[in-house]
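Okay, structure first, notes after.
Counting starts at 1 for both ligands and their atoms, following the listed order. Predicted model, so just to flag it, every value in this text is computed and none were measured.
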Amino acid sequence: MRGRPAPHNPTCYAIRSLGGKNLSSDPVLLVHGGAWAIPDDMVEAHLAGVCNAIAAGWRALSKGGSALDAVEEAVVVMEDDETFDAGRGSFLNREGKVQLDALIMEGATLRAGGVGCVEHLRNPVRAARKILSESPHVYFVAEGAEKFAAQHGVPLCNNEDLIIPREVERLREFQARAAEEKPNLFAPAISHDTVGAVALDREGNIAAATSTGGTLNKAPGRLGDSSLIGCGCYADNKSAAASTTGWGEPIMKLVLAKWAADRVAAGNLPEWVAAEAINYLQARVGGHGGIILLDSRGRFGIAHNTPRMAWAFKTPHEESSGITR
Ligand code: ASP
């Protein structure tokens, strides 16, 4: 393990990691549904959500779709699932609005599409995909992103369509508590339900996508790691595809997805790099979260230092899901 040893931090948990190797040229799909202390009564919904995402992404791969298609379809399913902090059902910002960020990236060409601070898109990853394939630009924010999406056939919605009563209540409770004490917004007990996917297709290409509603009670206009290239999402056939989740500010400071991909390019196993990345996150900036990592040889890693992280993966020979590693 490189870097300084992790300082003792009672709020962080031991890094849990998993890795594996797929037979080359077989497709692989790996998804996560956020890293935090998922309560027992929410475990089933998280597992169902990541398994549904795997099913949708795998359908795309089975029909001959690309890794890019697979990660898009997998993320759309989780954006549509109110269990997660993505799409409808996301956390509300300080003003009681949903504000979404997403990124998708293709490892063969390094083409990428990102949106930030959008308020009228049910599926920001669809808009991100349109940017990737139909724009000379890489990243759009706010009204400009929504205008681009609408012009390219992605339907807009009202912000109220993205808000659910559970989140109105969560924000109300949080703000009431914040008036009395100073809650630790970034403690692992606070939910980090961002979603992400990485995939390898039969052509040997990898891709990644990440989508989020960000953090609870965030300031309007705040962007986290999720939609920033190299922070919450990255894909390069020459290194690896990665999607992260967790407290976004520390992840951004370390450009963690690219940090991990570079270590895979240097010859390290994704399984070890995933664990090393989370160790680095904790040791260097006191962060917490999780990562999924996949290279173009089908080797992958899953790691987190939060009590739980919802994940699932599938290859032609194996399928598995869980909430810890
Ligand atoms: N990383 C996300 C953000 O900070 C939050 C999450 O992973 O749930 O916006």
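Interface of Asp193 with ligand 1, defined as ligand atoms under 4.0 Å from a residue heavy atom, comprises 8 (O). Under a 4.0 Å criterion applied to the non-hydrogen atoms of Ser226, ligand 1 contributes the atoms 1 (N), 2 (C). Residue contact check: Asp225 has heavy atoms under 4.0 Å from atoms 1 (N), 2 (C), 3 (C), 4 (O) of ligand 1. Heavy-atom proximity to Thr245, at under 4.0 Å, picks out these atoms of ligand 1: 6 (C), 7 (O), 8 (O).
Scanning for side chain to side chain donor-acceptor pair (under 3.5 Å) contacts around Ser321 gives an empty result, with sequence neighbours left out. Partners of Asp80 by side chain to side chain donor-acceptor pair (under 3.5 Å), not counting sequence neighbours, listed by chain and number: Asn123.
Looking at ligand 1, you'll find an N or O of Arg222 within less than 3.5 Å of one of its N or O atoms. Backbone and side-chain nitrogen or oxygen atoms of Thr194 are examined, and one is located within less than 3.5 angstrom of a nitrogen or oxygen of ligand 1. Residue Gly214 has no nitrogen or oxygen atom sitting less than 3.5 Å from a nitrogen or oxygen atom of ligand 1, judged on distance alone.
Within the 4.5 Å cutoff, the side chain of Ser135 has heavy atoms near those of the Phe148 side chain.
A donor-acceptor pair under 3.5 Å is formed between the side chain of Glu146 and the backbone N or O of Glu119.
Salt bridge status for Lys218 with Glu95: absent, with no side-chain N to carboxylate O gap under 4.0 Å. We find that Arg170 and Glu167 are joined by a salt bridge, their nearest charged nitrogen and carboxylate oxygen being less than 4.0 Å apart.
Of the candidates Ser90, Gly246, Gly287, Gly248, the one placing a heavy atom closest to atom 2 (C) of ligand 1 is Gly246.
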